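Keep in mind that what you see is a predicted model, and the values were worked out from it rather than measured. Residue numbering restarts at 1 for every chain, and letters A, B, ... go by the order of the sequence lines.
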2 protein chains.
Amino acid sequence: MFEEDARNTLIKHGLKVTPQRLAVLETLRSMNTHPSTDTITGVIREKYPHIATGTVYKILETFVEKGMIKRVTSDRDIMRFDARTEPHHHLYTAQSGQITDYFDDELTRMLEDYFRKKQIPGFHLEEIRLQLVGNFTDTGTDDEQGHDSRHHK
Amino acid sequence: MFEEDARNTLIKHGLKVTPQRLAVLETLRSMNTHPSTDTITGVIREKYPHIATGTVYKILETFVEKGMIKRVTSDRDIMRFDARTEPHHHLYTAQSGQITDYFDDELTRMLEDYFRKKQIPGFHLEEIRLQLVGNFTDTGTDDEQGHDSRHHK
DNA sequence: ATATTAAATGATAATAATTCTTAAATAAGA
DNA sequence: TCTTATTTAAGAATTATTATCATTTAATAT
Ligand SMILES: [Mn+2]
Ligand SMILES: [Mn+2]
Ligand SMILES: [Zn+2]
Ligand SMILES: [Zn+2]
C-alpha cells in the first residue's frame, strides 16, 4: 500500500528516526479507519506499552505539519488522522461513526475541472474535500471493525 | 433571510418556547460565521447576561436533533454551527479559521446528478458536504469579522 | 567507539471544550 | 389558577488536548 517504508519517510522529511515515530506512522498506515489519537495510542501500546500520550499527540502534529499525514474532521469533538495524502474522499456514517475512504478519480477530476473553469472570486482554492454522509446498507461480510474507544458522553 | 420567526420554528418542532431558545436561534440566524458555542454564548450575554453555558450546549444539541440547525465540522477541536440548512458548501481558510458559506446551485446539481447516476455500492447517501480549503486573496473592503474567541493553545 | 548536543520523550500538571447532576424555575395545558 | 412535565442555572465532573520540564536518545563529529 505504501511505496516507501516509514524510516525513509521520516528521513526524507528531515525528522529523527525514533521508535515512537516509526510506531505511530506504521500503525496509522496499517489502519484504514482514520483513527483518533486515543485509538492509535491503544494499538501501539499492544506492542510498545510505554509510549506516552503526549508523545503521540506531538508526533501526529509534527507529521501533519510535514504533510506526511492529514487531519480528518469528525462530527464530534475528536481529531482523527489519515495516512493517505493523495486526493480522495470520505464516507461518513452516523451509525458507527466510522469514516471510510472513497477513491473515485472520475469524481476528483470532475471537481477539479469545475473549479478550474469556475473560479471562486477572491478565493484561492487549495484543496477539495468531499464528505459523503449516509449509511451502509450492506451489513455484509466485510472486515470493517470500528476501532475507536468510547469517550465523552 | 429566514422565512419564519424563531418562535414559530420552535413551535413547529414541538419545542417549548423559552427566552433562552429564542436567543440561541435568533443569534445563530443573525450570524453568517458558523460560530462556536462559546461565541454564541458571548453574543447572547451582551443582552441576556445570565444564560448558562450548559444551557447553550443543550439547546444547540436539541436544535441539531430536530434538524433546525447543522453542525459544521472545523479542523480543530471545536464544534461550530450553521443556521442555514438548505444545501450549500463551505470555504475553509487556514489563516483566520473562518468558515464562509458558498452557495453554488450549479455545483450542488452537478454533485447530485453525479451520485444519482453513479451509486456508491453498499452505501445510502444522505448528504453531500463540500469543504473548499484555501485562502482569501482579496484583503478587500468586506464586512467579515471573525467573531470567535480564542481558546486552546 | 566516545563524546557532544540538539531534539525527542515520559511523566505529570494545566487547560479548555463538553457533559452530567440536581435543585429551582417556568411554559403549556387543564 | 393549578398542575406537571420540561427546562434552566450552577457548579462539578469528564475528557481531549496542550504545556512544562527533567531525562533520555539519535545524529554527528571526533
Ligand atoms: Mn472535548
Ligand atoms: Mn478540547
Ligand atoms: Zn482517507
Ligand atoms: Zn453554512
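The distance between atom CZ of R76(B) and atom C1' of dT15(C), rounded to the nearest whole Å, is 15 Å. One atom, CG of L22(A), and another, P of dT25(D), lie 15 Å apart when rounded to the nearest Å. Atoms CG (D75(A)) and C1' (dT18(C)) sit 16 Å apart, rounded to a whole Å. Between the CD1 atom of I44(A) and the C1' atom of dG10(C) there is a distance of 14 Å, given to the nearest Å. M79(A) places its CE atom 11 Å from the P atom of dT18(C), with the value rounded to the nearest Å. Whole-Å rounding puts the L60(A) CG to dT18(D) P distance at 11 Å. Between the CG atom of L10(B) and the P atom of dT26(C) there is a distance of 18 Å, given to the nearest Å.
A search for ring-ring contact (aromatic ring centres under 6.0 Å, His included) contacts involving H90(A) returns H34(A), H88(A), not counting sequence neighbours.
A side-chain donor-acceptor contact under 3.5 Å links R21(A) to the backbone of K16(A). At distances below 3.5 Å, at least one donor-acceptor pair connects side-chain atoms of S74(A) with backbone N or O atoms of I78(A). In this structure, R45(A) contributes its side chain and I51(A) its backbone to a donor-acceptor pair below 3.5 Å. Checked by atom type and distance alone, the side chain of R71(A) never pairs as donor or acceptor with a backbone atom of R80(A) at under 3.5 Å.
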Kindly indicate, with the supporting measurements, whether the criterion salt bridge (Lys or Arg N to Asp or Glu O under 4.0 Å) is fulfilled by E86(A) and R84(A).
-> CA-CA 6 Å; E86(A) 68 273 26; R84(A) 276 144 218 95; 5.5 Å; no
Before giving the answer on side-chain hydrogen bond (donor to acceptor under 3.5 Å, both in side chains), spell out for Y92(A) and E127(B) the whole-Å C-alpha distance, their side-chain angles and the decisive distance to 0.1 Å.
-> CA-CA 10 Å; Y92(A) 283 69; E127(B) 188 186 354; over 6 Å; no
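Dashed line: the shortest gap from a side-chain N or O of Y57(A) to OP1 or OP2 of dT18(D) is not under 4.0 Å. Phosphate proximity of dT18(C) to R71(B): absent, as no side-chain N or O sits under 4.0 Å from OP1 or OP2.
End-to-end axis angle for the helix from dA1(C)-dT30(D) to dA30(C)-dT1(D), using five pairs per end and rounding to 10°, comes out at 40°.
A salt bridge is absent between K66(B) and E61(B): the closest approach of a Lys/Arg side-chain nitrogen to an acidic carboxylate oxygen does not fall below 4.0 angstrom.
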How does protein reach along nucleotides 4-9 of chain C, written 5' to 3' as B (base within reach of a heavy atom under 4.0 Å), S (only sugar-phosphate), or - (no contact)?
-> --BSSB
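Aromatic ring orientation, F123(A) versus F136(B): perpendicular (interplanar angle above 60°, classes split at 30° and 60°).
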